[in-house]
Amino acid sequence: MSATTRAFRIPVNPAGWDAERIRKDFPALHQEVHGKPLVYLDNAATSQKPQVVIDALTAYYTRDNANVHRGVHVLSERATDAYEGARERIRRHLNAASTREIVFVRQATEAINLVMASFGRTVVGAGDEIVISAIEHHANIVPWQMLCQEKGARLKVLPVDDRGDLIMDEYPRLLGPRTRLVAITQVSNALGTITPIKEIIEVAHRLNIPVLVDGAQAVPHQAVDVRELDCDFYVFSGHKAYGPTGIGVLYGKESWLERMPPYQGGGDMIKMVSFEKTIYNDLPYKFEAGTPHIAGAIGLATALDYLDGLGLDAVGAWEHELLVYGTELLQAVPGLRLIGTARRKAGVLSFVLDGVHAHDLGTILDQHGVAVRAGHHCAMPVMDRFGVPATVRASLGLYNTPGEVEALSSAVRTAQEIFA
Ligand code: PMP
């Protein structure tokens with residue numbers, strides 16, 4: 001530890017948390033970049049994968065690879081069992097009532113586009129309104145904008161205060177008889193804000209307005225119970241939750257999914273096809289046209305096993321310790337401004353440094369082996385709101401350590417000296 005950091009409170013391990021042992025599970029962490037040990041702090045973009053997930057993918061392709069649902073042979077049965085077993089695993093993780101409510105998609109982005117295309121095009125008409133927040137990822141802005149343009153509907157935006165908290169006093173005023181959907185994130189990727197999602201849902205439901213929750217940044221860090229939240233739709237991506245890329249989940253209440261038309265047409269989403277008429281398949285297959293990402297679903301289920309094995313409460317507690325420590329270290333750097341200091345925050349440290357452009361800072365950090373993201377984080381309206389073109393974002397994962405947070409802050413100080 002450097003002399004500059006000695007005065008700070010070093011994180012205390014939650015009972016039984018052994019970061020060094022956990023790091024051994026992640027092969028990608030054990031490498032050097034630019035001759036320095038890798039410090040991977042880009043977890044909000046995507047997480048590294050534990051060996052068990054890599055092994056699950058290899059095992060599937062080595063032994064069981066076949067197409068699902070249609071085959072009469074052993075490998076197809078195995079693949080189908082594993083794929084449907086993964087669906088059940090995800091149902092259990094989210095505490096959904098039924099696997100009929102779990103739709104596999106490519107990622108959170110596709111899940112939102114599915115709801116936009118299927119629910120949105122059916123329910124939203126001219127003059128209707130959709131409510132989002134000022135801290136959404138582009139994935140939860142652009143699809144709704146496209147729908148509004150197509151239908152002559154209006155997008156209304158719940159504002160954010162200077163800390164990055166949603167201004168909840170404004171929320172009830174945004175809802176009205178024309179509101180067809182509220183679509184809001186549970187955790188902001190750019191600021192780390194944990195939104196009061198339960199309250200957001202409750203207030204909307206009093207007016208019978210359905211709510212979509214973007215859980216892309218929540219699922220890797222906390223337990224999620226869709227029945228407790230009572231959300232109508234919940235979306236997340238596997239790759240941020242220590243699972244593979246190319247697999248994500250849409251949870252939808254069965255009562256909505258039943259009423260929604262298919263998103264795409266093709267194989268597997270049908271029961272019967274003739275040139276006169278097609279009868280669609282039951283849920284959730286109605287929404288899964290074509291050969292799915294079978295290995296991805298299996299890998300995601302394995303990742304959730306891994307997360308549950310560690311315990312999401314312990315994961316959240318550890319990341320919170322790192323966040324508090326990192327906040328203290330960075331706030332002590334002269335000329336550094338943290339963007340996003342919400343009262344309840346996940347492990348995101350977004351910041352700007354006087355006199356150094358975020359991209360230059362990101363490049364210098366990379367030279368020190370510290371992998372962060374520099375840019376607008378697919379949240380340009382957030383950057384506008386805080387009056388910055390870009391930030392550097394360090395985002396924490398369960399395998400990060402106090403030493404890595406120190407490496408970040410000392411690399412930032414070095415960058416500052418270079419540009420002084
Ligand atoms: N929502 C949030 C809050 C995100 O952070 C992200 C990814 N950065 C997305 C949606 C989109 O995720 P994906 O690209 O995996 O669809």
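Residues: numbered from 1 along the sequence shown. In this text the structure is predicted, and so the values were computed from the model without any measurement. Atoms within each ligand, like the ligands themselves, are counted from 1 in listed order.
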S.K.: For ligand 1, is any non-hydrogen atom under 4.0 Å from R106's backbone (N, CA, C, O), its side chain (CB onward), both, or neither?
M.R.: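 None of R106 does.
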S.K.: When you measure from atom 16 (O) of ligand 1 to every protein heavy atom, which one gives the shortest distance, and what is it?
M.R.: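 Answer for atom 16 (O) of ligand 1: T109 OG1, 2.5 Å.
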S.K.: side-chain hydrogen bond (donor to acceptor under 3.5 Å, both in side chains) between Y399 and D25: does it pass, once the steps are laid out?
M.R.: CA-CA 9 Å; Y399 37 61; D25 295 337; over 6 Å; no
S.K.: Once the angle between the rings of F119 and W256 is folded into 0 to 90°, is it parallel (under 30°), tilted (30 to 60°) or perpendicular (over 60°)?
M.R.: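 The arrangement is perpendicular - the two ring planes meet at more than 60°.
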S.K.: Under a 3.5 Å threshold, yes or no: a donor from one side chain and an acceptor from the other, between E404 and Y40?
M.R.: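 Side-chain D/A pair, E404 to Y40: absent.
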S.K.: Is there a heavy atom in H239 that sits closer than 4.0 Å to ligand 1?
M.R.: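 So H239 counts as touching ligand 1.
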S.K.: When you measure from atom 10 (C) of ligand 1 to every protein heavy atom, which one gives the shortest distance, and what is it?
M.R.: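 Here the nearest protein heavy atom works out to D214 OD2, 3.3 Å.
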S.K.: Check the angle between the aromatic planes of F104 and Y83 and answer parallel, tilted or perpendicular using the 30° and 60° thresholds.
M.R.: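 Tilted.
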S.K.: What protein heavy atom lies closest to atom 5 (O) of ligand 1? Include the residue and the distance to one decimal.
M.R.: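 It is Q217 NE2, 2.6 Å.
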S.K.: Looking only at side chains, do H137 and T185 share a donor and an acceptor under 3.5 Å apart?
M.R.: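 Judged by distance alone, the side chains do not pair up.
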S.K.: What protein heavy atom lies closest to atom 4 (C) of ligand 1? Include the residue and the distance to one decimal.
M.R.: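 Here the closest protein heavy atom is H137 CD2, 3.4 Å.
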S.K.: Just jot down the ligand 1 atoms closer than 4.0 angstrom to any heavy atom of S237, in number order.
M.R.: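 Within the 4.0 Å cut-off of S237, ligand 1 contributes 12 (O), 13 (P), 15 (O), 16 (O).
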S.K.: Partners of H205 by ring pair (Phe, Tyr, Trp, His ring centres under 6.0 Å), sequence neighbours excluded?
M.R.: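 Per chain and number, H205 pairs via ring pair (Phe, Tyr, Trp, His ring centres under 6.0 Å) with no residue.
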S.K.: Judged by modelled atom types alone, do S133 and E136 share a side-chain donor-acceptor pair under 3.5 Å?
M.R.: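 Note: S133 and E136 side chains meet the donor-acceptor criterion.
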S.K.: Considering the heavy atoms of N189, write down every atom of ligand 1 situated less than 4.0 Å from one of them.
M.R.: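 Near N189, meaning under 4.0 Å from one of its heavy atoms, ligand 1 has 5 (O).
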S.K.: So which protein heavy atom does atom 7 (C) of ligand 1 come closest to, and at what separation?
M.R.: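 Of every protein heavy atom, K240 NZ, 2.5 Å lies nearest to atom 7 (C) of ligand 1.
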